[in-house]
Amino acid sequence: MLARVPELASVRYVPRTGRLLASYAVAERLDAAAVKQLAAELKLHLRAYFDLIDEGQPKTIRVTAETGETMTFVHVERDAASFSKEELSLQIAILTARFGEALVRDTPADIVETDAAERDEAVEAALLSIRDPALHKSVVGYREEHRVLVYFVHTPRKVAARP
């Protein structure tokens with residue numbers, strides 16, 4: 001997803017909880033009131049989206065932020081089972097409308113722009129892979145110097161302790 005969606009700063013998936021954390025970087029310092037307002041706005045739009053597609057409300061919608069001197073990282077935590085590429089597009093549209101050019105996009109000049117269908121396929125493939133019950137690994141992906149780095153962390157299954 002990171003390779004095809006330049007607005008994503010990082011993505012984390014934890015199979016133990018079944019949750020996906022999508023993070024976005026905003027080149028502005030948001031105060032607590034602005035974070036609270038943004039969280040309410042995102043939740044409202046996402047709940048309306050789920051009402052429109054008539055698939056029931058998701059188990060988890062949690063919006064948090066980490067604020068530094070000049071940057072804010074917005075984290076949207078969702079249950080991976082109901083997360084979709086359409087919802088990802090909606091999150092990006094809301095954040096773009098709200099922050100415009102302040103929403104950080106990683107668009108290095110040497111990467112050729114892919115068409116929308118190819119981007120959608122790649123995102124859908126990534127979402128299908130994290131829903132695979134055979135995957136017992138936490139996945140963390142983030143951007144660094146125009147590169148996408150992905151780490152897989154094996155989550156051990158619960159086993160009885162040896163005597």
Side-chain angles (χ1 to χ4, degrees), residues 1-28 30 34-66 71-108 111-133 135 137-144 146-153:
M1 288 191 324
L2 288 166
R4 298 288 190 240
V5 183
E7 295 86 357
L8 279 172
S10 69
V11 177
R12 174 176 286 164
Y13 172 66
V14 181
R16 182 179 48 81
T17 63
R19 292 187 180 162
L20 180 78
L21 183 73
S23 298
Y24 306 91
V26 178
E28 291 180 6
L30 301 179
V35 169
K36 187 176 179 179
Q37 182 181 10
L38 174 63
E41 182 180 342
L42 274 167
K43 288 178 184 179
L44 178 70
H45 281 86
L46 292 175
R47 287 198 167 95
Y49 165 75
F50 279 99
D51 282 344
L52 285 172
I53 64 171
D54 200 27
E55 290 186 12
Q57 290 294 316
K59 293 178 186 174
T60 304
I61 300 177
R62 186 170 164 232
V63 180
T64 58
E66 293 177 68
M71 294 285 294
T72 301
F73 288 91
V74 177
H75 308 292
V76 182
E77 185 177 351
R78 288 277 291 101
D79 54 290
S82 64
F83 191 77
S84 67
K85 66 183 184 327
E86 292 83 11
E87 180 186 345
L88 178 61
S89 295
L90 177 61
Q91 287 181 17
I92 292 167
I94 294 165
L95 292 168
T96 299
R98 177 81 182 263
F99 298 109
E101 292 299 314
L103 179 63
V104 177
R105 291 169 183 81
D106 185 33
T107 52
I111 292 181
V112 177
E113 189 67 30
T114 59
D115 67 12
E118 187 178 327
R119 174 181 160 163
D120 287 350
E121 268 184 46
V123 171
E124 192 64 40
L127 290 173
L128 287 173
S129 70
I130 64 171
R131 291 184 187 122
D132 183 353
L135 180 68
K137 295 180 180 179
S138 293
V139 179
V140 176
Y142 63 94
R143 297 181 187 284
E144 182 178 285
H146 301 300
R147 296 180 302 166
V148 172
L149 302 170
V150 178
Y151 292 93
F152 295 91
V153 182

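Note that the structure is a prediction, hence the values are computed from the model and not measured. Computed from heavy atoms alone, side chains included, the values below leave out hydrogens, waters and symmetry copies.
We find the NZ-CG distance between Lys85 and Leu90 to be 13.5 Å, quoted to the nearest 0.5 Å. If you take CZ on Arg47 and CG on Leu42, they are separated by 11.0 Å, rounding to the nearest 0.5 Å. The line from OG1 of Thr96 to CZ of Arg105 is 4.0 Å long, rounded to the nearest 0.5 Å. Of the inter-residue distances, the one linking Ile61 atom CD1 with Tyr49 atom OH reads 11.5 Å to the nearest 0.5 angstrom. Atoms OG1 and CZ, on Thr60 and Phe83 in that order, are 12.5 Å from each other to the nearest 0.5 Å. The line from CD of Glu7 to CD of Gln91 is 11.5 Å long, rounded to the nearest 0.5 Å.
Residues satisfying the salt bridge (Lys or Arg N to Asp or Glu O under 4.0 Å) criterion with Glu77, sequence neighbours excluded, are Arg19, Arg62. Contacts of Ala97 classified as side chain to side chain contact (heavy atoms under 4.5 Å, CB included), with partners at least two apart in sequence or in another chain: none. For Ala102, the side chain to side chain contact (heavy atoms under 4.5 Å, CB included) partners are Val26, Glu28, Phe99, not counting sequence neighbours. Remark: Thr64 engages no residue in a side chain to side chain donor-acceptor pair (under 3.5 Å) (not counting sequence neighbours). Qualifying side chain to side chain contact (heavy atoms under 4.5 Å, CB included) partners for Asp51, counting only residues two or more places apart in sequence or in other chains: Gln57. His45 meets the side chain to side chain contact (heavy atoms under 4.5 Å, CB included) test with Glu41, Ile94; sequence neighbours excluded.
The shortest heavy-atom contact between His75 and Ser23 is ND1-OG, 2.6 Å. For the pair Tyr13 and Ala80, the tightest heavy-atom approach, listed with the atom from each and the gap, is CE1-CB, 3.7 Å. For the pair Phe73 and Ala25, the tightest heavy-atom approach, listed with the atom from each and the gap, is CE2-CB, 3.6 Å. When all heavy atoms are compared, the tightest approach of Val104 to Ala27 is CG2-N, 4.0 Å.
At most 12 non-hydrogen atoms from other residues, nucleotides or ligands lie less than 6.0 angstrom from NZ of Lys36.
Taking the side chain as every heavy atom from C-beta outward, Val35 and Val63 never approach each other to under 4.5 Å. Contact check for Glu86 versus Ile53: no side-chain heavy atoms found under the 4.5 Å cut-off.
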